[in-house]
Amino acid sequence: MDADTDSPALHLAQDPEADELLSRSRLAALTGMLLDQQVPMEWAFKGPATIARRMGTDDLDAHEIAAQDPEAFAALLAEKPAVHRYPGSMAKRIQQLCQYLVVHYDGDAEGIWRDAGSGAELLRRLQELPGFGKQKAQIFLALLGKQLGVTPTGWREAAGAYGEAAAYRSVADITGPESLAKVRAHKQEMKAAAKTAKGGTKP
């Protein structure tokens, strides 16, 4: 599907301006997913709008980002408030992602899934992206299927547990404050279970 004014509305940043960009720009959504680690989800998904604003545009362009001077782009992400807790390393990853998109998809993020014949193929393509391991690829695949209308055959299976209906495991299930709270609760449960598996919490 094309990213236009009829695109489904995403509510991942919980910020109108940032969510509007995520809803119409697939590169913005992909970049937000890349940033979604070691920082609160809303912070990560506000990042694309902040980057666009600081670049003096209302959208992200893979060709333009790929061609940026690395030091200058890192400085842009590091401006207060910083786009990420680790702006330097994330600036490098975003540029690597955009450079990959330019080489393999002519800078068009939707090219990743436009002709994907199956969920398994789409997952493979997502995992080939710089900065996308299996878990991040599965979460984004689930987001595509659940909220953005990208549903190749077998997409739920390829997304694993994240593809389950009403799972509330990840950003793929967040459509507003209520679902955000459910996802947060699930993540807290997972952290608690992980601590228990390691021998319980320290006194």
Side-chain angles (χ1 to χ4, degrees), residues 1-62 64-65 73-74 76-95 97-98 101 109-110 112-113 126 129-132 135-150 159 162 166-188 190:
M1 60 177 288
D2 293 329
D4 55 29
T5 54
D6 294 324
S7 295
L10 296 179
H11 301 279
L12 305 180
Q14 304 290 300
D15 173 89
E17 178 189 357
D19 282 329
E20 189 275 331
L21 176 59
L22 294 171
S23 300
R24 63 179 165 83
S25 169
R26 299 298 173 254
L27 177 56
L30 203 62
T31 301
M33 190 72 242
L34 181 64
L35 290 166
D36 188 23
Q37 58 188 66
Q38 299 179 294
V39 295
M41 180 204 73
E42 300 96 318
W43 184 1
F45 282 95
K46 280 181 183 177
T50 302
I51 293 169
R53 186 169 59 251
R54 291 176 183 176
M55 292 181 72
T57 182
D58 63 355
D59 201 351
L60 298 183
D61 183 283
E64 186 177 356
I65 292 174
F73 190 63
L76 182 142
L77 266 69
E79 288 178 24
K80 304 294 184 182
V83 169
H84 194 275
R85 180 173 292 149
Y86 304 107
S89 60
M90 295 313 296
K92 182 177 180 180
R93 289 189 181 185
I94 292 171
Q95 282 200 286
L97 172 63
C98 288
L101 290 175
E110 289 190 61
I112 300 168
W113 53 84
L126 289 168
L129 298 175
F132 276 69
Q135 182 184 47
K136 191 177 288 289
Q138 286 186 313
I139 291 173
F140 195 76
L141 174 52
L143 176 66
L144 288 170
K146 291 181 176 183
Q147 299 199 46
L148 297 176
V150 179
Y162 300 107
Y168 299 109
R169 296 177 185 273
S170 71
V171 300
D173 300 292
I174 294 172
T175 55
E178 184 179 346
S179 50
L180 171 60
K182 290 182 180 180
V183 170
R184 281 242 160 82
H186 173 78
K187 289 187 175 183
Q188 290 301 320
M190 292 299 99

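With sequence neighbours left out, Tyr86 forms a side-chain contact (heavy atoms from CB on, under 4.5 Å) with Gln38, His84, Ser89. Every residue two or more places apart in sequence or in another chain that forms a side-chain hydrogen bond (donor to acceptor under 3.5 Å, both in side chains) with Arg53 is listed here: Glu17.
Distance CG/Leu143 to CG/Leu22: 9.5 Å, rounded to 0.5 Å.
At least one side-chain heavy atom of Gln37 sits under 4.5 Å from a side-chain heavy atom of Arg93. Using a 4.5 Å heavy-atom threshold, the side chains of Arg26 and Ile112 count as separate. Leu148 is not listed as a side-chain neighbour of Glu110, based on a closest heavy-atom distance of 4.5 Å or more.
Between Phe132 and Phe140, the angle of the ring planes goes over 60°, which puts this pair in the perpendicular group of the 30/60° scheme.
Of the residues listed (Ile94, Leu101, Leu60), the one engaging Leu30 in a side chain to side chain contact (heavy atoms under 4.5 Å, CB included) is Leu101, and it is the only one.
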Ignoring hydrogens and angles, write down the donor-acceptor pairs under 3.5 Å from the side chains of residues 43-50, residues two or more places apart or on other chains.
| unit_1 | atom_1 | unit_2 | atom_2 | d |
| --- | --- | --- | --- | --- |
| Trp43 | NE1 | Ala82 | O | 3.0 |
| Trp43 | NE1 | Val83 | O | 3.1 |
| Thr50 | OG1 | Lys46 | O | 3.2 |

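The two residues Ile174 and Gln147 come nearest to each other via the heavy atoms O-NE2, 2.9 Å. Heavy atoms only, all atoms of each residue included: Leu10 and Asp19 are closest at O-CB, 3.2 Å.
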I'd like to know whether Met90 forms a side chain to side chain contact (heavy atoms under 4.5 Å, CB included) with Leu34, so could you lay out the CA-CA distance, the side-chain angles of the two residues, the decisive distance to 0.1 Å, and finally the verdict. CA-CA 8 Å; Met90 295 313 296; Leu34 181 64; 4.2 Å; yes

